[in-house]
Amino acid sequence: MATATNLGFPRMGANRDLKKAVEAYWGGKITADSLLETAKELRRSHWSLQAAAGIAQGHIPSNDFSFYDQVLDHSVLFSAIPERYAGVPVKSELDLYFAMGRGLQKKEEGIDVPAMEMKKWFDTNYHYIVPEFKADQTFALGANPKPVAQFLEAKALGIETRPVILGPISYLHLGKPARGVAAFDHLSLLPALLPAYEALFAELAKAGAQWVQLDEPVLCLDLPAHYKSEFAAAYGRLAAAAPALKILLASYFGTIGDNLNSVISLPIAGLHLDLVRAEGDLDTVLARKSEFSFNLSLGVINGRNIWKADLEKAIAKVDRAVAALGVDRVLVAPSCSLLHSPHGLAAETKMDKQILDWLAFAVEKLDEISVVSRAVKNGAHSVKEQLESNKKSLEARRVSSLIHDPVVQARHKAITPEMIKRQSPFPARYAAQQARLSLPAFPTTTVGSFPQTKEVRVARQNLKKGAYTQEQYDEFIKQEIQKCIKFQEDVGLDVLVHGEFERNDMVEYFGENLKGYAFSANGWVQSYGSRCVKPPIIYGDVSRPVAMTVEWTKYAQTLTTKPMKGMLTGPVTMLCWSFVRDDQPRRITTEQLALAIRDEVQDLEAAGIPVIQIDEPAIREGLPLRRSDWTAYLRWAADAFLLSSTGVRDDTQIHTHMCYSDFQDIFTAIKDLDADVITIESSRSDLKLLSAFNGDSYPNAIGPGLYDIHSPRVPSTEEMHHRVKEMLKYMDSKLLWINPDCGLKTRGWTETDAALRNLVEVAIRMRN
Ligand code: GLN
Ligand code: ZN
């Protein structure tokens, strides 16, 4: 009946209640019982909220709740717990679970277990805990399985839910070999895994579940050919295990593409498709309607962006499916779980009313799903008011002068190939920069930020609260910069930075200074564990009304004769870490960002700043899920960086920075950036990776991070010296820089002092 359904709801609560409770429990401030109580209340509230919004009984998700991460939950559910956690002396299963998620360190008791590895969940900013498998891995359904318990919990409240469970193929695919285990095909574990699913299915059916949602997001990836038969084997068995239980197989985050062949003849009751990311999938699937008899769940409301949907368009999509399959075989759904949306708009009292009218967070998306479903079921007239109001908002947004800036658009159209090229090739620039900067061999620098102490954060809060005037705050920042410059001179670094004390966050700071950006008060999205991020919202054409960093950088340069490095965030990173417009291609938004940053770069140069770093830590995470889309993305990403960075003279030195060591996938793009110096993370990786950067394949200068700033540990001079000597096996000594592997923002001054002195000592030894 064009049923209104949902795939998952954000867990944190309207005020990040779960985060607060979990952290209070970790800090010993509340009991486990109290944490469990909060969690139960959140689930109750989210279920009733969905029911009230009109999500159909039987299609309200359960088991989407998690104290840390749903993939970790899944490993625990099936007892796939790595051996090293076996002997950890914890009081409860809950504590063991948290130890796996975040590690456990109790020095007095001699306990020190690291966390399991965390990885990005597809191309979202959510991170999951990577399952670990041995070749003889066993799986077993534990007592009182969570999906069953939470199904019954909802049932007791009078709410029929659809348990959400990670599917067997995705679960195995997303794992990694346990420590010391050689790589192997994880799908070989299917025969060991399936009995655990079968046992779970039997219990769910016994508990009265009608539907179960099996998430198989790997269907949006390029999969090995043999996965087709693995899908057939796995789903054949699961369907037989509990014939009464209807399986909804959910694919999301992209086109199902060729993988449709792996699922089209499965004995499932429903297939969910992401029709926001892959609109064309609807026609592809409908064209093959004679090959299947399952229901289609249509992901027509974007589960991972914050814009109101075009309801008419969504309804048209659903109508097309209804015309082909009949109204009883169609479900209306968000494109993916709403986990990736902020909770709701109720708290946004401070945002510009016009912009607010264009937005829909998770709570509002439920209404959209419900309206679409009712329109299809009962006709558009039944939701006339809602459709009219939706149309009005969309139209207002479409023509708003807040969004459309003819000056920016004209400037964007006028981008020429000359604007993405430096004046001269690297060797000539290198000579010009050496002449200007007279840097010693093995020049030393840092990646930008210095410790953001409590005092710095308090000063910023004081400014926000009005307890500080702008003058008082600026004075405070000036003093921090003074101390930082003095410190760097004292330590003996060569290229100095101002320390980034005025910045709360490397994207937010620039967003606040650019036109086209809005900020929510409460638009938090879970990133990992209890951590949430509040991405800024790019709503319109981006431009830079005034210089953003020039005053601080100039001020810092007046305090020293050493070269000062201006610090900027690159266009691709600005894009990747924001909610972006859906009314123009991401590429265009990125180019607008690039033009704004280009202005800043040129202003810094004009102010006499000789070195400018443009950070692009997010280039790699913007990689599309399908390989066939990589080349195009990497080309425009590199071009956007070039657009931001190349409007300078040869003797201005451009740096960039990336925070990962696995550059294999994007190496050509890194080369294409043509930065004079790139600093990268390398301290946690195999130095052989650096061979990619040898003189033949990578001509420009590079600073492979000498130590890991994520840990308070102070590396010795010997250790770093040894590293540099190893690095020189792979790269040209003339082009090697000496620096830490990322910004020092999260570190304390004591360890920063010690580590940087050791680092400078390494450079001195090398020069001698
Ligand atoms: N310049 C930034 C800093 O030092 C870079 C941060 C990052 O790479 N994530 O904080
Ligand atoms: Zn970094």
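All ligand and atom numbering here is 1-based and tracks the order in the structure.
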Table of N or O contacts for ligand 1, cutoff 3.5 Å:
residue: ligand 1; atom: 1 (N); partner: Val447; partner atom: O; Å: 3.2
residue: ligand 1; atom: 1 (N); partner: Glu500; partner atom: OE2; Å: 3.0
residue: ligand 1; atom: 1 (N); partner: Asp615; partner atom: OD2; Å: 2.6
residue: ligand 1; atom: 4 (O); partner: Ser449; partner atom: N; Å: 2.9
residue: ligand 1; atom: 4 (O); partner: Ser449; partner atom: OG; Å: 3.0
residue: ligand 1; atom: 8 (O); partner: His657; partner atom: NE2; Å: 3.1
residue: ligand 1; atom: 10 (O); partner: Ser449; partner atom: OG; Å: 2.7

Is any side-chain N of the basic residue among Arg436 and Asp650 closer than 4.0 Å to the acidic one's carboxylate O?
no
In terms of side-chain geometry, is the basic nitrogen of Arg304 or Asp123 positioned less than 4.0 Å from the acidic oxygen of its partner?
yes
Salt bridge check: are Lys729 and Glu726 linked by an N-O gap of less than 4.0 Å?
yes
Pull up every protein N/O/S atom sitting under 2.8 Å from the Zn ion (ligand 2), skipping waters.
His657 NE2, Cys659 SG, Cys742 SG
Is the Tyr68 ring parallel, tilted or perpendicular to the Trp26 ring (thresholds 30°, 60°)?
tilted
Is the number of heavy atoms from other residues, nucleotides or ligands within 6.0 Å of CZ (Arg635) greater than 12?
yes
Quick one: are the ring centres of Phe253 and His340 less than 6.0 Å apart?
yes
Any luck finding a side-chain donor-acceptor pair between Thr569 and Asp615 under 3.5 Å?
no
NZ/NE/NH1/NH2 to OD/OE distance under 4.0 Å, Lys734 and Asp732
no
What's the verdict on side-chain hydrogen bond (donor to acceptor under 3.5 Å, both in side chains) for Asp676 and Gln653, showing C-alpha distance, side-chain angles and the deciding distance?
CA-CA 6 Å; Asp676 297 307; Gln653 190 169 68; 5.8 Å; no
